[in-house]
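To keep things clear, I will list the structure first and then write my remarks on it.
Just so you know, ligand 1 is whichever comes first in the structure, and atom 1 is the first atom listed for that ligand.
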Amino acid sequence: MEESDLRNRADRGESVPDRDTRDSSTQTDSKVQGHGPRLSKVNLFTLLSLWMELFPQEQPEEEDHSQIHGVGLVVVQDSKVVGLHCSGAELHAGQAAIIQHGTRLAGCQLYFSRRPCATCLKMIINAGVSQISFWPGDPEVSMLRSTSTTHSNSHSRSLPDCTMEEATLDAIVTERLKSNSRPHICVLLQPLAPGLAQSVSETSRECDFMERVTDDEPALNRIRHLKDFSRQFLVAPSQQHREILTHMHLENFCVEPYFSNLRHNMRELVEVLAAVAAGVPQRHHGFYRLKTLFNHLFGNGSLHALVIHIFYFFLHIKLISLPEDPKVGVGAVIWAKGQSPGFEGTGGMYLVGCGYNAYPVGSKYAEYPQMDRKQEDRQRRKYRYIIHAEQNAITFRSEQALLPTMMFVTKCPCDECVPLIRGAGISHIYTNDQDRDKDKGDISYLKFSSLKDVTKFIVKK
Ligand SMILES: Nc1ccn([C@@H]2O[C@H](COP(=O)(O)OP(=O)(O)OP(=O)(O)O)[C@@H](O)[C@H]2O)c(=O)n1
């Protein structure tokens with residue numbers, strides 16, 4: 001592709017395959033010793049948005065003949081996830097984000113599982129977001145006509161022609177909003193590193209914690225999820241997909257080889273999603289079942305399973321291309337109970353913060369010591385440099401949440417983190433007992449057992 005073409009496309013706010021990928025990707029070189037291929041942040045956020053689209057609804061909805069798809073949304077600020085939303089019974093994901101974040105959306109990047117409808121788009125543009133990216137499948141106002149493409153678990157049903165008119169109108173309005181707005185509105189899928197999907201699957205099997213909570217056979221599960229997710233997120237007939245992309249004014253993607261590349265990237269990401277989902281013990285669950293939320297908060301199996309969904313992404317945190325602990329990946333997620341139960345389809349629960357263990361923000365690969373305690377030179381050991389998952393989650397949490405808040409962490413909190421957890425007012429903690437009560441010299445796990453005033457849920461090793 002000519003340089004001038006690339007520039008024109010970029011000026012029009014459209015994704016430029018390959019070049020966009022190179023510019024915005026921070027994918028680590030997979031040849032670096034000791035590291036597998038990494039998932040780029042763009043792809044991770046896109047996957048999270050698809051994941052959020054599957055978030056259970058507050059109540060099983062009545063048969064809905066509208067053409068509105070449920071949408072998942074991830075709000076990112078300075079490379080950090082600051083909000084996870086999905087469409088609920090009353091509000092679209094974009095509207096829920098406006099309600100929750102308001103003007104704090106200014107400067108954020110939003111990742112949608114579908115192109116948002118005009119109503120949401122105008123509000124989020126108005127809030128001053130810096131970038132909106134969406135999955136280039138069937139948009140929020142569905143363009144699918146055929147009864148044979150009815151999506152399971154989706155709000156979309158076969159559409160009478162009048163609703164197609166609405167969809168077309170919505171497409172025109174969103175395109176105009178897109179062209180007139182300052183935020184960059186685009187498709188940002190990036191190719192995966194070779195073998196990444198496989199690596200995710202293997203990692204999930206090797207993980208002690210997940211092996212203990214899942215009874216299902218991951219390989220079978222994976223195929224089942226792959227079928228479900230493909231039905232949900234991919235437009236199977238290529239001709240229909242071209243038509244949809246054209247309606248979304250993404251006609252540049254309709255020409256070869258971009259069309260094939262796009263579909264290939266989409267399929268690969270759905271495969272990653274299926275591989276991750278294969279480790280999750282149950283799929284149909286959610287906050288909405290927690291009628292006695294305060295009494296049973298975080299003691300309910302369905303809630304646990306739900307949080308595992310989110311948490312599971314952070315188990316694979318080492319897939320993100322940032323400098324991190326060379327040996328162990330730990331993820332922590334903090335959820336809180338909001339004031340308006342059910343308002344956004346997440347039963348009033350919302351993401352307060354998340355973090356993973358990494359060298360300090362801004363540090364470069366291998367800038368700090370990387371040895372572990374089995375290596376001799378103590379001065380060159382990593383322990384004094386790494387910010388722990390809980391420390392990052394607490395430091396960068398989006399707001400001082402009202403109690404109760406729950407922390408989900410993939411490794412028993414160490415003695416450095418226990419006082420922080422208490423001080424931050426975490427009321428419930430879900431973790432495993434890996435290394436619990438151990439003193440490993442450079443790092444010890446002795447304080448957690450005596451941590452008081454925090455309800456603990458511990459998966460035994
Ligand atoms: N609650 C915790 C516990 C540990 N870590 C991370 O895990 C590392 C320590 O892991 P650990 O398994 O205790 O030590 P290693 O030397 O990495 O492995 P091992 O001694 O088990 O071989 C810390 O540096 C930190 O990166 C964390 O983020 N949060």
Quick one: nearest non-hydrogen protein atom to [atom], plus distance?
atom	answer
atom 21 (O) of ligand 1	Lys440 NZ, 2.8 Å
atom 28 (O) of ligand 1	Ala389 N, 3.0 Å
atom 20 (O) of ligand 1	Arg373 NE, 2.4 Å
atom 10 (O) of ligand 1	Val328 CG1, 3.4 Å
atom 18 (O) of ligand 1	Lys327 NZ, 3.3 Å
atom 1 (N) of ligand 1	Glu390 OE2, 2.5 Å
atom 13 (O) of ligand 1	Tyr445 OH, 2.5 Å
atom 24 (O) of ligand 1	Asp325 OD2, 3.4 Å

What's the spacing between [X] [atom1] and [Y] [atom2] if we round to 0.5 Å?
X	Y	atom1	atom2	result
Phe408	Glu390	CZ	CD	13.0 Å
Tyr359	Tyr368	OH	OH	10.0 Å
Ser181	Leu121	OG	CG	7.0 Å

For this session: Begin from the C-alpha positions of Asp442 and Arg381 and carry the test salt bridge (charged side-chain N to carboxylate O under 4.0 Å, His left out) through to its verdict.
Result: CA-CA 9 Å; Asp442 291 297; Arg381 289 185 189 169; 2.6 Å; yes
If the contact criterion is a heavy-atom separation under 4.0 Å, does [X] count as touching ligand 1?
X	answer
Cys412	yes
Cys417	no
Asp435	yes

Exercise. If you draw a 6.0 Å radius around NZ in Lys227, do more than 12 non-hydrogen atoms from other residues or ligands fall strictly inside?
Worked result: no
So if I count the atoms of ligand 1 from 1 in the order they appear, which ones are less than 4.0 Å from some heavy atom of [X]?
X	result
Cys414	1 (N)
Ile386	25 (C), 26 (O)
Asp372	16 (O)
Asn357	6 (C), 25 (C), 26 (O), 28 (O)
Tyr383	14 (O), 15 (P), 16 (O), 24 (O)

For this session: Using side chain to side chain donor-acceptor pair (under 3.5 Å) as the criterion, point out the one residue from Gln77, His184, Gln109, Arg182 that pairs with Ser130.
Result: Gln109
Problem set entry | Passing option when Asp228 is tested against His225, Arg231, Gln232 for side chain to side chain donor-acceptor pair (under 3.5 Å) | Arg231
Problem set entry | Flag side-chain contact, heavy atom, 4.5 Å: Leu234 against Met266 | yes
For this session: Could you tell me whether Lys382 approaches ligand 1 through its side chain, its backbone, both or neither, with non-hydrogen atoms closer than 4.0 Å?
Result: side chain
For this session: Answer yes or no: does an N/O atom from Val330 fall short of 3.5 Å to an N/O atom of ligand 1?
Result: no
Problem set entry | Geometric cation-pi criterion, Lys41 with Tyr111: 6.0 Å, 45° | no
For this session: Give a yes or no on whether a salt bridge exists between Asp372 and Lys382, defined as a side-chain N under 4.0 angstrom from a carboxylate O.
Result: no
For this session: Tell me, please, which residues at least two apart from Tyr383 pass ring-ring contact (aromatic ring centres under 6.0 Å, His included).
Result: none
